[in-house]
Engineer: 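Mind looking over this structure? Questions follow.
Just so it is clear, the structure is predicted and the values come from calculations on it, not from any experiment.
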Amino acid sequence: MQSQWNINQRSSVLLLPLSLQASSSSSIIHHQWKDDICRRQLTTTPPPPPTEPDNRPDTAMVSSFVGHNFPDFIEHWSRDAFYKVGYGLGASTGGLAMLCVVFGPTTTFVIPTAILGLTTAAYWKRGKDDMAQTSHAIRRNYPVLGNVRYMLETVRPEIRQYLVESDVDGKPYERNRRSIIYQRAKNVDDTMAFGTRRDVYATNYEWACHSMWPKSIAAESDATRCTIGTASFGTTQPYSASVLNISAMSYGAISDNAILALSRGAKLGGFYHNTGEGGVSKSHKEGGGDIVWNVGTGYFGCGITDPATGRRVFDADIFQETIREAMGQIKMVEIKLSQGAKPGHGGILPKAKITPAIAEARKLEYPAKGDCHSPPGHSAFDSPEALVKFIIQLRELSGGLPVGIKMCVGEPSEVAALVKTMVLLQNGPDFISVDGGEGGTGAAPPEYSDSIGLPLEEGLAVVRNLLVGADMKDKVKLNCSGRVTNGFSVVRMVALGADITCAARAFMMSLGCIQALKCNTNRCPTGIATQDKELQYGLDPLEKTNRVYHYHRKTVLSASEIVGTIGRESFDEISSGDIMRRVRQGKVQTLSEYLPEVETGCLLNGSGPERLQEVWDSVDGGADSTAVVGAVMDIRRTSTTKRWIY
């Protein structure tokens, strides 16, 4: 400390001016006084450095929010609290009863006593049941009050739909889209005031490029229709299809009244109604609309159950019988390979649900002796060549009707093998219906609905490029389904390569579907997706027929107006370059840039895009399924770093 003081003493002197260093004794005293101040500063403990404020939240406050779904008053509830409140209610009831005895059974005391007594009894009954059951830990730990959670969960979808969600938030269909369908089905004003509600600068926003010289297209003209059927394939009864039709919905999944209204609406509007896998029912035929018969893996209406294996197998005689019974209403046949909502997944119709009407439509034995199975795959074919031959067989058995296939695209190499087989055999489907992975159904495993299958855009682009590259697009028409709701969505799908489009859920909404999401419960409140006769009563087929017709008419009219606005005179002239998309902030692409097209016949002469050409060259047309799978695995091993070119 002494040395430190000496240094500071000398320093303090040296820092003084020279005139002060030679001053009188008073100066010296002044310096000594200053040295004393310096000494006291050195010996005094310096103040602690400033500390950062403690911004950590209170532990109690954190525990009340993090990891808890209950308010505090419920978390503090317990079985002991339940008993205390119960005893209190019992005592209160006893007290009121005593007042009734003292003052007589007057209304003033009898009614409150009865109400409190019933409340107390219900409280004890509910609480005892909650503590006795073992399925729900919350009810067991929080008797009576724990039930609030399940009550709120029950009404959550309705609260969200009617009170919380905005016009663009609803899933799978936002409120704006649903409103357009409802308005057009009711044939009321569907115009919009005050401009768009959409963020036109948001990623994935799309728009059509209008022309300075627009055209006018009549919605009832041939420009809105497409002829399906290839004479060189053996089709002798081609069908003129509307640009918008009703997609597959099975009898049994939707009600008799719903099918009847859809079929009648299709007849009025001149468009077709796909039966779905459930067979051709009485309601399909009674409605009188054009029918596309969907033949699935269960071969309903055209098969039998093999007693040896228990599998459903195709039967040519039953197939022709169904064709004859429809008396000309069946215009096309569609072989379902897979569907977007659950591709590659089968199903079971329990024995108890096989009613006489369902057995008649599916040509099943009644009374049923067992469950009815729809396996994942077909028993009639197991390779591209066998599939093409089955198509030829159905075309001949039906008297020359167009025969197509429906699929959700999975592995593109398998589609390439099928198209290559078509080139080699110079035959194949008259049309291919591409279902997107976003497609809907009455009931499906969530993993399949959410994570299996290509979405419609990519799936449609795969099939389009393979057909164009193989020079088969002029023979095979493309149909697509996947959230088609309004005129722009129709035009957008046509721009991506579709010749016609289909919708299922949109037509359900035209019937009155409110997106209650109860299709798999048999409790559809609008009587559409249910077999409950009490609920079906609410759906009047006569009234809903007109709604189906008006929705189709006004949607096709909207699509036709957009085509004319782009400067085209028919849907055939629309291309993917007519639609633009904002792929990210500051970058816009046409759909032709986003999902590139290929040159006609490029795969045949070896000039296709590298990845697409590699796939094409690696698969053998007509090969069995084992060979195709082997080729696909080889492609994946050798080309894992290359992007699939759609």
Engineer: Whether the side chain of Q320 engages the backbone of L397 through a donor-acceptor N/O pair (distance < 3.5 Å, no angle test) should be reported.
Structural biologist: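 Yes: the side chain of Q320 pairs with the backbone of L397.
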
Engineer: Side-chain donor-acceptor pair under 3.5 Å between T235 and R395, yes or no?
Structural biologist: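 Yes.
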
Engineer: Any side-chain heavy atom of T203 sitting closer than 4.5 Å to one from R582?
Structural biologist: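 A side-chain contact under 4.5 Å is absent here.
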
Engineer: Testing the basics here: between C408 and S338, what is the closest heavy-atom pair and its distance to 0.1 Å?
Structural biologist: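 Nearest heavy atoms, C408 then S338: N-OG, 2.9 Å.
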
Engineer: Determine, stepwise, if the pair V491 / I566 fulfils side chain to side chain contact (heavy atoms under 4.5 Å, CB included).
Structural biologist: CA-CA 10 Å; V491 173; I566 296 174; 4.2 Å; yes

Engineer: How about Y173 and R505: do any of their side-chain heavy atoms sit closer than 4.5 Å?
Structural biologist: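 Yes, side chains in contact.
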
Engineer: Looking at R584, I want to see if its CZ is surrounded by more than 12 non-hydrogen atoms of other residues, nucleotides or ligands under 6.0 Å.
Structural biologist: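 No, the 6.0 Å shell around CZ holds no more than 12 heavy atoms from other groups.
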
Engineer: Hey, mind stepping through V423 and W616 against side chain to side chain contact (heavy atoms under 4.5 Å, CB included) and telling me if it holds?
Structural biologist: CA-CA 12 Å; V423 173; W616 179 264; 4.1 Å; yes

Engineer: What are the two closest heavy atoms between A208 and F488, and how far apart are they?
Structural biologist: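 Looks like N-CE1, 3.8 Å.
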
Engineer: More than 12 heavy atoms of other residues, nucleotides or ligands under 6.0 Å from CG of D199: is that the case?
Structural biologist: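 Above 12, so yes.
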
Engineer: Is there a donor-acceptor pair under 3.5 Å between the side chain of S242 and the backbone N or O of R225?
Structural biologist: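 Checking the backbone N and O of R225 against the side chain of S242, no donor-acceptor pair under 3.5 Å is found.
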
Engineer: Do T305 and R312 get their side chains close enough for a donor-acceptor pair, meaning under 3.5 Å?
Structural biologist: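 Per modelled atom types, T305 and R312 side chains form a pair under 3.5 Å.
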
Engineer: If a pair satisfies salt bridge (Lys or Arg N to Asp or Glu O under 4.0 Å) and one of its residues is in residues 203-212, list it, with sequence neighbours excluded.
Structural biologist: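 Of all non-adjacent pairs touching residues 203-212, those that pass salt bridge (Lys or Arg N to Asp or Glu O under 4.0 Å) are E206-R492, E206-R581.
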
Engineer: Would you say the side chain of V463 lies within less than 4.5 Å of the side chain of V415, judging by non-hydrogen atoms?
Structural biologist: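 The answer is yes; the side chains approach within 4.5 Å.
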
Engineer: With a 4.5 Å limit on heavy-atom distance, are the side chains of V388 and L418 in contact?
Structural biologist: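 Of all side-chain heavy-atom pairs linking L418 with V388, at least one is under 4.5 Å.
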
Engineer: Quick one: do the D430 and Y239 side chains pair a donor with an acceptor below 3.5 Å?
Structural biologist: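 No pair is found: no donor N or O on one side chain lies under 3.5 Å from an acceptor on the other.
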
Engineer: Using atom types as modelled, flag every donor-acceptor pair under 3.5 Å from a side chain in residues 445-456 to any protein atom, sequence neighbours excluded.
Structural biologist:
residue: S449; atom: OG; partner: A341; partner atom: O; Å: 3.2

Engineer: Taking the side chain from R311 and the backbone from D306, do they hold a donor-acceptor pair closer than 3.5 Å?
Structural biologist: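 Checking the backbone N and O of D306 against the side chain of R311, no donor-acceptor pair under 3.5 Å is found.
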
Engineer: Which value, rounded to the nearest 0.5 Å, describes the distance between I335 atom CD1 and L337 atom CG?
Structural biologist: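 If I round to the nearest 0.5 Å, the distance is 7.0 Å.
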
Engineer: State, without any angle test, whether S232 and T230 hold a side-chain donor-acceptor pair at a distance under 3.5 Å.
Structural biologist: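 S232 vs T230: no donor-acceptor pair found between side chains.
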
Engineer: So, E414 side chain and V409 main chain: donor-acceptor pair closer than 3.5 Å or not?
Structural biologist: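 Not at all, since once roles are kept as given, no pair shorter than 3.5 Å links the two residues.
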
Engineer: Once side-chain hydrogen bond (donor to acceptor under 3.5 Å, both in side chains) is applied, what residue pairs with a partner in residues 472-487 remain, sequence neighbours excluded?
Structural biologist: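 Residue pairs passing side-chain hydrogen bond (donor to acceptor under 3.5 Å, both in side chains), neighbours aside: R177-T485, Y272-N479, S433-N479, D435-S481, K473-D499, N486-S489.
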
Engineer: Is there side-chain contact between C302 and V295, with at least one heavy-atom pair below 4.5 Å?
Structural biologist: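 In contact.
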
Engineer: Test your reading of the model: is there a side-chain donor-acceptor pair from S558 to the backbone of K554, 3.5 Å cut-off?
Structural biologist: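 No; judged by distance alone, with no hydrogens or angles, the pair does not exist.
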
Engineer: Can you tell me if S607 uses its side chain to pair, donor with acceptor, with the backbone of L603 under 3.5 Å?
Structural biologist: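 Answer holds: no.
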
Engineer: If you draw a 6.0 Å radius around CD in Q237, do more than 12 non-hydrogen atoms from other residues or ligands fall strictly inside?
Structural biologist: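 For Q237, atom CD is crowded (more than 12 foreign heavy atoms under 6.0 Å).
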
Engineer: I need the T555 OG1 to I180 CD1 distance, nearest 0.5 Å.
Structural biologist: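 The OG1 atom of T555 sits 9.0 Å away from the CD1 atom of I180.
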
Engineer: According to salt bridge (Lys or Arg N to Asp or Glu O under 4.0 Å), does anything in residues 568-580 pair up with another residue at least two apart or in another chain? List the pairs.
Structural biologist: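 Only R568-D578 qualify under salt bridge (Lys or Arg N to Asp or Glu O under 4.0 Å).
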
Engineer: For Y205, which residues count as a ring pair (Phe, Tyr, Trp, His ring centres under 6.0 Å) partner, sequence neighbours excluded?
Structural biologist: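 Here the qualifying residues are W207.
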
Engineer: Look up atom CG in L401 and atom CD1 in I228, then write down how far apart they are to the nearest 0.5 Å.
Structural biologist: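 If we round to the nearest 0.5 Å, L401:CG and I228:CD1 are 12.0 Å apart.
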
Engineer: Is the distance between the ring centroids of F319 and Y299 under 6.0 Å?
Structural biologist: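 So the answer is no for these two rings.
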
Engineer: What's the spacing between R184 CZ and R553 CZ if we round to 0.5 Å?
Structural biologist: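 These two atoms lie 10.5 Å from each other.
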
Engineer: Looking at CD1 of I259 and CE of M249, how far apart are the two atoms once the value is rounded to the nearest 0.5 Å?
Structural biologist: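 One finds 8.5 Å between CD1 of I259 and CE of M249.
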
Engineer: Main chain of G252, side chain of S250: is a donor-acceptor contact present, judged purely on distance under 3.5 Å?
Structural biologist: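 A pair under 3.5 Å: no.
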
Engineer: With heavy-atom distances below 4.5 Å as the criterion, would you say the side chains of M580 and Q589 are in contact?
Structural biologist: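 No; the side chains remain at least 4.5 Å from each other.
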
Engineer: What are the two closest non-hydrogen atoms of S379 and V313, and how far apart are they?
Structural biologist: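 Nearest heavy atoms, S379 then V313: OG-CA, 3.7 Å.
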
Engineer: Any donor and acceptor pair, going by atom type alone, linking the side chain of K336 with main-chain N or O of G276 inside 3.5 Å?
Structural biologist: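 The answer is no, because no donor-acceptor pair under 3.5 Å joins these two groups.
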
Engineer: Just by distance, with hydrogens left out, do E385 and S383 show a side-chain donor and acceptor under 3.5 Å apart?
Structural biologist: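 Result is no, nothing qualifies.
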
Engineer: Could you go step by step and tell me if V583 and V588 meet the side chain to side chain contact (heavy atoms under 4.5 Å, CB included) rule?
Structural biologist: CA-CA 6 Å; V583 295; V588 171; over 6 Å; no

Engineer: Between S510 and H552, is there a side-chain donor-acceptor contact under 3.5 Å, judged purely by atom types and distance?
Structural biologist: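 Judged by distance alone, the side chains do not pair up.
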
Engineer: Looking at F271 versus F507, is the centre-to-centre ring distance below 6.0 Å?
Structural biologist: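 Ring centroids of F271 and F507 are less than 6.0 Å from each other.
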
Engineer: State which residues pass ring pair (Phe, Tyr, Trp, His ring centres under 6.0 Å) with F571; sequence neighbours excluded, sorted by chain then number.
Structural biologist: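 Partners of F571 by the ring pair (Phe, Tyr, Trp, His ring centres under 6.0 Å) criterion come out as none, since no residue qualifies.
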
Engineer: Okay, side chain of E277, backbone of N294: is any donor-acceptor separation there less than 3.5 Å?
Structural biologist: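 Looks like no, no N/O pair under 3.5 Å.
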
Engineer: Give the intermediate values and the outcome of salt bridge (charged side-chain N to carboxylate O under 4.0 Å, His left out) for residues E174 and R178.
Structural biologist: CA-CA 6 Å; E174 63 189 48; R178 303 199 304 269; over 6 Å; no

Engineer: Using atom types as modelled and distance alone, determine if a side-chain donor or acceptor of E396 lies under 3.5 Å from a backbone N or O of Q393.
Structural biologist: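 Side chain of E396 to backbone of Q393, a donor-acceptor pair under 3.5 Å: no, none is there.
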
Engineer: With no hydrogens and no angle check, do the side chains of N274 and S247 hold a donor and an acceptor under 3.5 Å apart?
Structural biologist: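 Short answer, no.
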
Engineer: Give me the atom names and distance for the closest heavy-atom approach of E334 to F431.
Structural biologist: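 It is OE2-CE1, 3.7 Å.
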
Engineer: Any idea how H284 and H273 line up, ring-wise: parallel (<30°), tilted (30 to 60°), or perpendicular (>60°)?
Structural biologist: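 Ring orientation of H284 relative to H273: tilted.
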
Engineer: Work out which heavy atom in Y551 is nearest to a heavy atom in A506; give both atom names and the distance.
Structural biologist: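 Smallest heavy-atom distance, with atoms named: OH-CB, 3.3 Å.
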
Engineer: Please step through side chain to side chain contact (heavy atoms under 4.5 Å, CB included) for the pair K331 and V292, ending with a clear verdict.
Structural biologist: CA-CA 6 Å; K331 302 299 182 181; V292 171; 5.5 Å; no

Engineer: Is there a donor in the side chain of Q339 and an acceptor in the side chain of K342, or the other way round, less than 3.5 Å apart?
Structural biologist: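 There is no such pair (donor and acceptor under 3.5 Å, judged by atom type) between the side chains of Q339 and K342.
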
Engineer: CG/D620 to OG1/T421 distance, rounded to the nearest 0.5 angstrom?
Structural biologist: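 Rounded to the nearest 0.5 Å, the CG-OG1 separation comes to 9.0 Å.
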
Engineer: Measure across I500 and C226 and return the closest heavy-atom pair with its distance rounded to 0.1 Å.
Structural biologist: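 Heavy-atom minimum between the residues: CG2-CB, 3.8 Å.
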
